[in-house]
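In what follows, a structure is listed as structure tokens, so that the remarks can point back to it.
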Amino acid sequence: MRYLRLIPDDTKLRFMTYRWIAFPVSVTAMIASLVLFAVLGLNLGIDFKGGSLIEIRTIDGPADTGSIRSSLGELNLGDVQVQEFGAPDDVLIRIEDQEGGESAQQRAITLIRGTLGEEGVEYRRVEVVGPRVSGELAEAGTIAVVVALFAVLLYIWFRFEWQFALGAVAATIHDVVLTIGMFSILRLDFTLASIAAILTIVGYSLNDTVVVYDRVRENLRRYKKMPLPQLLDLSINNTLSRTVLTSLTTLLALFALFIFGGEVIRSFVFAMIWGIFVGTYSSIFIAAPLLIHLKLKRGGSKDGGAETAGAAEAT
Amino acid sequence: MLYFARWKIALILLVALGGFVLTAPNFFSRETVEAWPSWVPGKQLVLGLDLQGGVYLLYEVDSADYKNKRLKTLVGDIRKLLRDEPRIGYTGLGIQGDGVQVRIRDTAKIADAEGRLRDLRNPLESSVFGSDPVDEFQMETGEGGLIRFSFTEAGLSHRIRSIVSQSIEVIRRRIDELGTTEPSIQRQGEDRVLVEAPGEKDPQRLKSVIGQTAQMTFHMVDVSTPVQQAIESRPPPGSTVMYTTDDPPVPYVVNEAPLLSGEDLTDAQTGFDQQTNEPVVTFRFNTAGARKFGLITQQNVGRPFAIVLDGEIISAPVIREPILGGSGQISGNFTVEGANDLAVLLRAGALPARLTAIEERTVGPGLGADSIEAGEVASVIGMLAVVVFMLAAYGLFGIFANAALIVNMFLILGALSALGATLTLPGIAGIVLTIGMAVDANVLIFERIREEARQGRSAIGAIDAGFSRALGTILDANITTFISAVILFQLGSGPIRGFAVTLAIGIVTTVFSAFTFTRFLVAQWVKMRRPTAVPL
């Protein structure tokens, strides 16, 4: 019986030579993402901007978004977005944060319910987030990402050398920045769930990077004379089959969720799918070659405390 | 790595079995589970509001409103104390920013005034600050006979905290009367109240019942000044213009000081007017209130009075005869539901301060059910895809990995059920993601075994080396993800926490199932077959 083999055994791809392509491409993409973020900004959802969101389902046939838009437009509630949401009878209505504080938001909702009526409409979801709460949520979200990165930096530093910690965190920042760029250019709703998605991407990308780094550390002990670029190539080739397989199984599960998981979490899942691609790319083409430029010291060096301990462990 | 002591085998099987046992209650209806004897684990998954539908409401004490009201009372108290015989002349009494100011005319009497007003600093009992009571206000004397009261920080936060506690009580009484299923009402932070009502079908009504201050007061209508004149110029001192809840609102001039308030009520019920058959709210005063009400109605036959709810007149009847029995009825063009809600509000009492809804998330039962279904379909399909893939890639070892995956699923669901964690939609996403990533550990091990075998190790040697060498990597990789899950849980809220919990639990169970359990399966296989080559 022959099993499915996606990656042949003993690949000898020379990944390190690609770093002269990967670095400029990544740096450009990161700069582009930051520029997009600065110019276009994120399409902040109500979690971070304040405002209201109403999801309705019309009971008799498809909804007429045009007429809903025009009748709600007459209410003087500022920016009101009406869009189809996943199915022709599902409509998502977004109302911007109302001036006049929290109670004004509630009045806006009452007005809209009055206009749409209670008959023939199922109110599937109503969310109202006041400006104060949204500020707190945005702050907590940013803190979560930064704190997570820092904690992981410390962990890797503790387990490996500082060059590995820096490399892993740089690769992860790369992934986060590109994800923000993706959110910005595609105008996806940036919500609390997006923060969760970004943190998952952080987790996945680190996971991938750590697997490669682990093999690098092992090979450093085994092949003390091998030049670093060659050693990194070897390590990536060693783990390539695993990298591809794991990405695939994760993607399989995520695609199932993307297709069948419903409209509410679709953008959340989309961000994670994107993250798997970027995370896999960055651990191979960014995290590993960065070790060369961070001047990783070879075995027998003065700061080899961890290494000697590790070598003892390997024997 | 392939030898297992007896007790270890027992432990591994026990953990795997535990997953099944703890998950089992979810396959039965709640009624069935409740009928089980108490030693059988019967905890079911708690579904988040986004899955079963319901209302999440976050309220904040309107502290500006509270301060304003409190300072108004303070102004009244100061006025009263200074006017007591012998009077102390003063000027410029009023609210100034966050405090109250008054200027004593006669500088010789400043010490006397200070003595009278000293008690208004109002020491509050507080267990938080030990035995020393904290003053609610601090009193300062300035140039030219100026006396200023301002909130102390400790006093204000003490007040706000007790407002939150009282509000929670009031809200609980109100919701209990509505018969909503299992609401949870909690304090959040210092000045917030979180209400979660899973399965609530009528969020609008819930909101209107919770959000109303429901401060009911009885006032005499001031008939000395025509209403139009009062609106155009200014109402007579001590009176104010209030409007009815009718459409269009009708203005009345009423005395500012209430005769009686909702606190004097002992009961309120819905009923029907015997003549018009309209829904009304009947109420009864307590003894003191009944006596006062009797006296007032005796003295004011033929004059109108106003029943005011949160600053709006809901009814302004004319007193036809003295009401001595201490009970009365309010007929204010109510619907049956409106009358019922008002009776509930009056029975439960008024909120001690205005609450503002600062966050609201309502999910209808339809969307919740759809989300559960979508989540189930996605999980099953995702799992099937991964199972087929693993089988195709690793054959027999793929079966081992798939068995571990199934054990893993049961462990996650069992742990979630036993911990009483809430399953949310992002939580389901977390589980699906775990399915994908759970096999990562197996992939790591299997790839490693193949590599070791290629380097010429014996089958058993390769398997042994594969497991032991992959362990470090698996731990490092999972601990980093675990760190971010924990931080997400610490800093996240609501559905996001649900996601973090499933992710964190998933990582722990994955390390057990993908590493320990698979290793156990492989060890049994090695023992039975004594393989000479690795089937990878």
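Chain A is the first sequence line, chain B the second, and so forth, proteins listed ahead of strands; every chain is numbered from 1.
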note = Note: vs chain B, highest number of non-hydrogen pairs under 4.5 angstrom among A:Arg124, A:Gln105, A:Gln106, A:Arg113 is A:Arg124

task = Using the side chain to side chain contact (heavy atoms under 4.5 Å, CB included) rule, pick out the option among B:Leu444, B:Asp476, B:Ile474, B:Leu475 that qualifies with A:Asp214.
result = B:Asp476

Chain B interface, residue from A:Val126, A:Val210, A:Leu149 that has the most non-hydrogen pairs under 4.5 Å = A:Val126

query = So, for A:Ala148 and B:Ile487, which heavy atoms are closest and what is the spacing to 0.1 Å?
reply = CA-CD1, 3.4 Å

query = Checking B:Tyr394 against chain A: side chain, backbone, both or neither under 4.5 Å from a heavy atom?
reply = both

query = For chain A, which of B:Gly368, B:Ala378, B:Ala357, B:Gly382 has the most heavy-atom pairs under 4.5 Å?
reply = B:Ala378

inquiry  = Heavy-atom cut-off 4.5 Å, strictly under: side chain, backbone, both or neither for A:Glu263 against chain B?
reply    = neither

query = Once you round to the nearest 0.5 Å, how far does CD1 of A:Ile46 lie from CZ of B:Arg361?
reply = 6.0 Å

message = Please report the interatomic distance CD1(A:Ile265) to CD1(B:Ile428), rounded to the nearest 0.5 Å.
response = 7.5 Å

message = Pair A:Leu245, B:Glu447 - check side chain to side chain contact (heavy atoms under 4.5 Å, CB included), show working.
response = CA-CA 10 Å; A:Leu245 277 174; B:Glu447 292 297 318; 3.4 Å; yes

key: Verdict with reasoning, B:Val443 to A:Thr249, per side chain to side chain contact (heavy atoms under 4.5 Å, CB included)   = CA-CA 10 Å; B:Val443 171; A:Thr249 54; 5.5 Å; no

Close side-chain approach of A:Leu248 to B:Phe389, heavy-atom, < 4.5 Å = yes

ask   = What part of A:Val269 lies closer than 4.5 angstrom to a heavy atom of chain B: side chain, backbone, both or neither?
value = neither

ask   = Using non-hydrogen atoms only, which part of B:Thr473 is less than 4.5 Å away from chain A: side chain, backbone, both, or neither?
value = both

ask   = Roughly how far, to the nearest 0.5 Å, is CG of A:Leu254 from CD1 of B:Ile435?
value = 10.5 Å

message = Less than 4.5 Å apart, side chain to side chain, heavy atoms only: is that true for B:Arg469 and A:Glu218?
response = yes

ask   = With only heavy atoms counted, which part of B:Val363 is less than 4.5 Å from chain A, the side chain, the backbone, both or neither?
value = both

query = Side chains of A:Val264 and B:Leu425: closer than 4.5 Å at any heavy-atom pair?
reply = yes

ask   = chain A: which of B:Gly375, B:Pro365, B:Ala429 shares the most heavy-atom pairs with it under 4.5 Å?
value = B:Ala429

inquiry  = I want to check something: taking the side chain as every heavy atom from C-beta on, are B:Gln490 and A:Val147 in contact at a cut-off of under 4.5 Å?
reply    = no

note = Applying a strict 4.5 Å limit to non-hydrogen atoms, the region of B:Glu60 in contact with chain A is side chain

query = Which region of B:Asp370, side chain (C-beta onward) or backbone (N, CA, C, O), has a non-hydrogen atom less than 4.5 Å from a non-hydrogen atom of chain A, or is it both or neither?
reply = side chain

ask   = Can you tell which of A:Thr250, A:Thr246, A:Thr243 makes a side-chain hydrogen bond (donor to acceptor under 3.5 Å, both in side chains) with B:Asp440?
value = A:Thr246

task = Answer yes when A:Arg242 and B:Glu451 have at least one side-chain N-carboxylate O distance shorter than 4.0 Å, and no when they do not.
result = no

key: Heavy-atom neighbours of B:Glu373 CD exceed 12 at 6.0 Å   = no

Separation between CD1 of B:Ile479 and CD1 of A:Ile156, rounded to the nearest 0.5 Å = 11.0 Å

inquiry  = Using heavy-atom distances under 4.5 Å, tell me whether A:Leu251 contacts chain B through its side chain, its backbone, both, or neither.
reply    = neither

request  = Using a cut-off of under 4.5 Å on heavy-atom pairs, state which of A:Gly130, A:Gly262, A:Ala144 scores highest against chain B.
outcome  = A:Ala144

query = Can you tell which of A:Leu257, A:Thr209, A:Val129 has the highest number of heavy-atom pairs within less than 4.5 Å of chain B?
reply = A:Leu257

ask   = Just how far is it from atom CZ of A:Arg159 to atom OG1 of B:Thr480, taken to the nearest 0.5 Å?
value = 10.5 Å

inquiry  = Check B:Arg192 with A:Glu136, please: is the shortest side-chain N to carboxylate O separation under 4.0 Å?
reply    = yes

message = If I compare all heavy atoms of A:Ser241 with all of B:Arg450, which pair ends up nearest, and what's the gap?
response = OG-NH1, 4.4 Å

ask   = Which atoms of A:Asn238 come close to chain B, meaning under 4.5 Å heavy atom to heavy atom: side chain ones, backbone ones, both, or neither?
value = both

message = Can you tell me which portion of A:Thr200 sits under 4.5 Å from chain B's heavy atoms? Options are side chain, backbone, both or neither.
response = side chain

ask   = Is it the backbone or the side chain of A:Tyr123 that comes under 4.5 Å from a heavy atom of chain B, or both, or neither?
value = backbone

inquiry  = Which atoms of A:Leu53 are under 4.5 Å from chain B, going by heavy atoms: the side chain, the backbone, both sets, or neither?
reply    = neither

request  = State the CG-CG distance between A:Leu252 and B:Leu384, to the nearest 0.5 angstrom.
outcome  = 11.0 Å

Min side-chain heavy-atom separation B:Val432-A:Phe260 under 4.5 Å = no

